[in-house]
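Below is one structure, written out as structure tokens; the observations come after it.
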Amino acid sequence: MSLTIENNILMKNGKPFFYLADTCWSAFTNIKDNDWDYYLDYRKSQGFNTLQINILPQWDASATDLCYEPFEVIDGKYNYKKLNLSYFEHADKMCARAKEKGFELALVIMWCNFVPDTWASQFYSKGIMPIDCIDNYINIIHETFTKYEPLYIISGDTDFNTEQCIEYYVKCAKQIKELAPNCLYTTHIKGRYTYIPDNLYSYLDLCFYQSGHNAQNLGMPYLLAEEMADKYKGKPVINSEPCYEDMGYSRQMYGRWSKEDIIRAAWMSLLSGASAGITYGAAGIYSWHTTNKGFEASLGEGFATPKCWQQALCFDGAWDYGYIKYIFETYDLYGLKAIQELLVKENPEIRIARKDDKIVLYVPHNIDIELNLDLSNYKAIAIDLTRRYVSPLQTINGKTSIIKMTYFNRDALYILEKDVQSCDNLFVFNFSKKYLSCFARRN
């Protein structure tokens, strides 16, 4: 059964679904079949339930000895009028294996380098796809992938600079939605960007953004989440590309993103309006980097060369993202809404969200926190996100309440829930009366 949306929450088989995706953009072009099976088993063990894959070759993928080309190649350029059916047959088999292992598929239809007037079109040596070739391309996508009920991502890493660029994406969206009306649709837009043209937005069921890999503004995960949730009300929002683990900072700035950085980006996104899920990325996996193979570090955003995929697959942060999903499922945090106004003293680093009688805070540094709320009837715990320790929270209650700082050092999640013990007792009392009444009638 395909994913659906109910009350702004992703659902699968009638149950809430926390979208936990791994970024494996270059799967169809760079991964050997036996490596694909190993990769799927490993990510499944970590709790991932979705894979983000680019249907077409990604312009900045790592070099590979494999030769999977979706179109005929003439003098180093694509002949977009002649599809290579074996490419799509191989991708079909890869998707079948992923679905057998329980993964959902999030498939990008048109990465920005195939479309005119985007920021990356200038870097792609195999040529722009002519607009009159889109029909045949969308038809083969439908024939190959729609049976797997994917989330179709219309655009990849794109900006919308001109009407011609927008026309490409609207044409793709219109045609694939006519062929596959029961699938869900979204876009993957450029980093630190929130604009989606109205005529494309009308086809979308949920909204992606990417806070990206630029280290000069660490507020992007929550600032973009707030903006997207406000601008595109009524649709689930997901940060589909936070900073990747061990990725070099963009624009050739010295430094790499740590495990702590990516955890911070995830929780700040989830508690700021992008609560439908989160995507993990590992440098070396998204481009499927192989030892001693080329990686172009000077083009585009200029990322440093990644570690090989075997090392990148074992980065610890993937387990931490699996733990995020576990927390959402265990504490039923689906549908959280940002509620920063509960903080007496404004602090953008501390993120706070609410669902019914539950309040969740992400606290990157350990301090007392005052809330505009009487916590007298709340149960509260703190989870050390580094060591998975759990501790009861101490509060000083009144018209405003103070949550006392914990014994943890950093990166804690606070979960507060209104104490329903009195309601539970009433339920037990009413159930007992009903049981005794039925027993008396039977006897």
For this session: Assess whether atom NZ of Lys147 is packed by more than 12 heavy atoms of other residues, nucleotides or ligands within 6.0 Å.
Result: yes
Exercise. Could Asp320 and Arg388 be called an ion pair, given the rule that one side-chain N must be under 4.0 Å from one carboxylate O?
Worked result: yes
Exercise. Just one of Asp157, Ile238, Ile189 clears the side-chain contact (heavy atoms from CB on, under 4.5 Å) bar with Gln210, so which one?
Worked result: Asp157
For this session: Kindly assign one of parallel, tilted or perpendicular to the pair Phe328 and Trp267, based on the angle between their ring planes and the thresholds 30° and 60°.
Result: parallel
Exercise. Does a donor on one side chain and an acceptor on the other come within less than 3.5 Å for Asp35 and Gln310?
Worked result: no
For this session: May I ask you to test the Cys172-Tyr137 pair for a side-chain heavy-atom distance under 4.5 Å?
Result: no
Exercise. Can we call the ring centroids of Tyr39 and Trp288 under 6.0 Å apart?
Worked result: yes
Exercise. Would you call Arg410 and Glu260 a salt bridge, taking side-chain N to carboxylate O under 4.0 Å as the test?
Worked result: no
Exercise. Residues two or more places apart in sequence or in another chain: which of them pass side chain to side chain donor-acceptor pair (under 3.5 Å) with Thr194?
Worked result: Glu227, Lys231
For this session: State whether a side-chain donor-acceptor pair under 3.5 Å links Gln52 with Thr279.
Result: yes
Exercise. Side chain of Asp92, backbone of Glu89: donor and acceptor closer than 3.5 Å?
Worked result: no
Problem set entry | Asp356 and Lys418 ion-paired at < 4.0 Å | no
Exercise. Taking the side chain from Asp384 and the backbone from Ala412, do they hold a donor-acceptor pair closer than 3.5 Å?
Worked result: no
Exercise. Can you say whether the rings of Tyr80 and Tyr78 are parallel (under 30°), tilted (30 to 60°) or perpendicular (over 60°)?
Worked result: perpendicular
Exercise. Any side-chain donor-acceptor pair under 3.5 Å between Gln58 and Asn30?
Worked result: no
For this session: Return yes when atom NZ of Lys101 has more than 12 non-hydrogen atoms of other residues, nucleotides or ligands closer than 6.0 Å, and no otherwise.
Result: yes
Exercise. Do Asp22 and Tyr286 get their side chains close enough for a donor-acceptor pair, meaning under 3.5 Å?
Worked result: no
Problem set entry | Verdict with supporting geometry, Ile154 and Ile176, side chain to side chain contact (heavy atoms under 4.5 Å, CB included) | CA-CA 9 Å; Ile154 303 299; Ile176 190 63; 4.0 Å; yes
Problem set entry | Modelled atom types, side-chain donor and acceptor of Asp411 and Thr386, under 3.5 Å | no
Problem set entry | Asp41 atom CG: more than 12 heavy-atom contacts under 6.0 Å | yes
Seminar exercise, completed: In short, Tyr68 meets Thr29 closest at the heavy-atom pair CD1-O, 3.5 Å
Exercise. Do the ring centers of His90 and Phe28 come within less than 6.0 Å of each other?
Worked result: no
For this session: Give a yes or no on whether a salt bridge exists between Lys174 and Glu178, defined as a side-chain N under 4.0 angstrom from a carboxylate O.
Result: yes
For this session: Please indicate whether Lys82 has more than 12 foreign heavy atoms, meaning atoms of other residues, nucleotides or ligands, lying under 6.0 Å from its NZ.
Result: no
Exercise. Got a sec, which residues hit side chain to side chain donor-acceptor pair (under 3.5 Å) with Asn397, two or more places apart in sequence or on another chain?
Worked result: Thr395
Exercise. Does the cation-pi check pass for Lys126 over Phe71, that is, NZ or CZ under 6.0 Å from the six-membered ring centre and within 45° of its axis?
Worked result: no
Problem set entry | Candidate pair Phe18 and Tyr334, rule ring-ring contact (aromatic ring centres under 6.0 Å, His included), full reasoning | CA-CA 7 Å; Phe18 182 84; Tyr334 305 99; 7.1 Å; no
Exercise. So, for Phe315 and Tyr280, is the gap between ring centers shorter than 6.0 Å?
Worked result: no
Problem set entry | Short side-chain donor-acceptor distance under 3.5 Å, Tyr321 and Gln46 | no
For this session: State whether a side-chain donor-acceptor pair under 3.5 Å links Tyr19 with Ser240.
Result: no
Exercise. Relative to the ring of Tyr326, is the ring of Tyr323 parallel (under 30°), tilted (30 to 60°) or perpendicular (over 60°)?
Worked result: parallel
Exercise. Do NZ/NE/NH1/NH2 and the carboxylate oxygens of Lys12 and Glu149 come within less than 4.0 Å?
Worked result: no
Exercise. Relative to Phe48, does Arg43 satisfy both conditions: NZ or CZ under 6.0 angstrom from the six-membered ring centre, and within 45 degrees of the ring's axis?
Worked result: yes
For this session: Indicate whether any N or O donor in one side chain lies under 3.5 Å from an N or O acceptor in the other, for Thr187 and Tyr201.
Result: no
Exercise. Angle class for the Trp319/Tyr42 ring planes (parallel below 30°, perpendicular above 60°, tilted otherwise)?
Worked result: perpendicular
